[in-house]
Amino acid sequence: MAALTLSRAGVKTVAAVIGGVVYVASVPTVLGAVGFTGAGITASSLAAKMMSSAAIANGGGIAAGSLVATLQSVGAAGLSLSTKIILGSLGSVLTFLSF
């Protein structure tokens with residue numbers, strides 16, 4: 001049986017693909033962990049504290065397009081295809097360059 005061998009460039013390429021997948025997959029996980037979920041902002045979470053601070057700063061409301069509003073949108077609806085492509089590409093490039 002022949003052993004499978006990969007060149008250094010081949011290893012970097014495989015790592016880059018895996019890095020891109022990990023970047024895209026980690027965003028919903030991290031957002032959920034800090035409290036931005038599909039059901040809304042989780043009580044007593046970092047997201048709730050961010051929302052409270054933003055509301056106080058804006059006189060009681062959350063401004064459309066603000067960081068909190070954007071993160072909640074992504075937490076509820078997920079990433080758009082274009083954002084997944086950008087994140088995957090960025091993850092791939094950063095992983096490739098780190099090897």
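When reading the values below, keep in mind they use all heavy atoms of this one structure, side chains included, and skip hydrogens, waters and symmetry mates.
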Quiz prompt | Residue pairs fulfilling side-chain hydrogen bond (donor to acceptor under 3.5 Å, both in side chains) with at least one residue in residues 38-54, sequence neighbours excluded | solution =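 Matches after skipping sequence neighbours: none remain.
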Self-check item: Of all pairs that satisfy side-chain hydrogen bond (donor to acceptor under 3.5 Å, both in side chains), the ones with a partner from residues 62-85, not counting sequence neighbours
Solution: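 Non-adjacent pairs meeting side-chain hydrogen bond (donor to acceptor under 3.5 Å, both in side chains): S80-S82, S80-T83.
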Self-check item: ILVMFWY clustering at 4.5 Å (side-chain atoms), partners of I56
Solution: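 For I56, no cluster forms, as it stays isolated from other hydrophobic side chains.
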Would you mind writing out the side-chain donor-acceptor pairs for residues 19-35 within the sub-3.5 Å range, not counting sequence neighbours?
unit_1, atom_1, unit_2, atom_2, d
S26, OG, V22, O, 3.1
S26, OG, Y23, O, 3.1
T29, OG1, A25, O, 3.4

Please tabulate, one pair per line, all N/O donor-acceptor pairs under 3.5 Å involving side-chain atoms of residues 85-99, not counting sequence neighbours.
unit_1, atom_1, unit_2, atom_2, d
S89, OG, I85, O, 2.8
S92, OG, A16, O, 2.9
S92, OG, G88, O, 2.9
T95, OG1, G91, O, 2.7
S98, OG, L94, O, 3.4
S98, OG, T95, O, 2.8

Practice problem: Could you pull out all residues at least two apart from A57 that satisfy side chain to side chain contact (heavy atoms under 4.5 Å, CB included)? | Solution: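 Checked A57 against side chain to side chain contact (heavy atoms under 4.5 Å, CB included); zero matches.
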Quiz item: Partners of M50 by side chain to side chain contact (heavy atoms under 4.5 Å, CB included), sequence neighbours excluded?
Solution: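 Applying side chain to side chain contact (heavy atoms under 4.5 Å, CB included) to M50 gives F36, L46, L67, V68, L71.
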Practice problem: Kindly give the heavy-atom pair with the smallest separation between A63 and A69, and that separation in Å. | Solution: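 Taking A63 first and A69 second, the nearest heavy atoms are O-CB, 3.7 Å.
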Practice problem: Work out which heavy atom in M51 is nearest to a heavy atom in I41; give both atom names and the distance. | Solution: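 So the minimum-distance heavy-atom pair works out to SD-CD1, 3.3 Å.
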Exercise. Say whether V17 and V14 are linked into one hydrophobic cluster, either directly or through other cluster members, by side-chain heavy-atom distances under 4.5 angstrom.
Key: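 No; tracing contacts between hydrophobic side chains, which count when under 4.5 Å, never links both residues.
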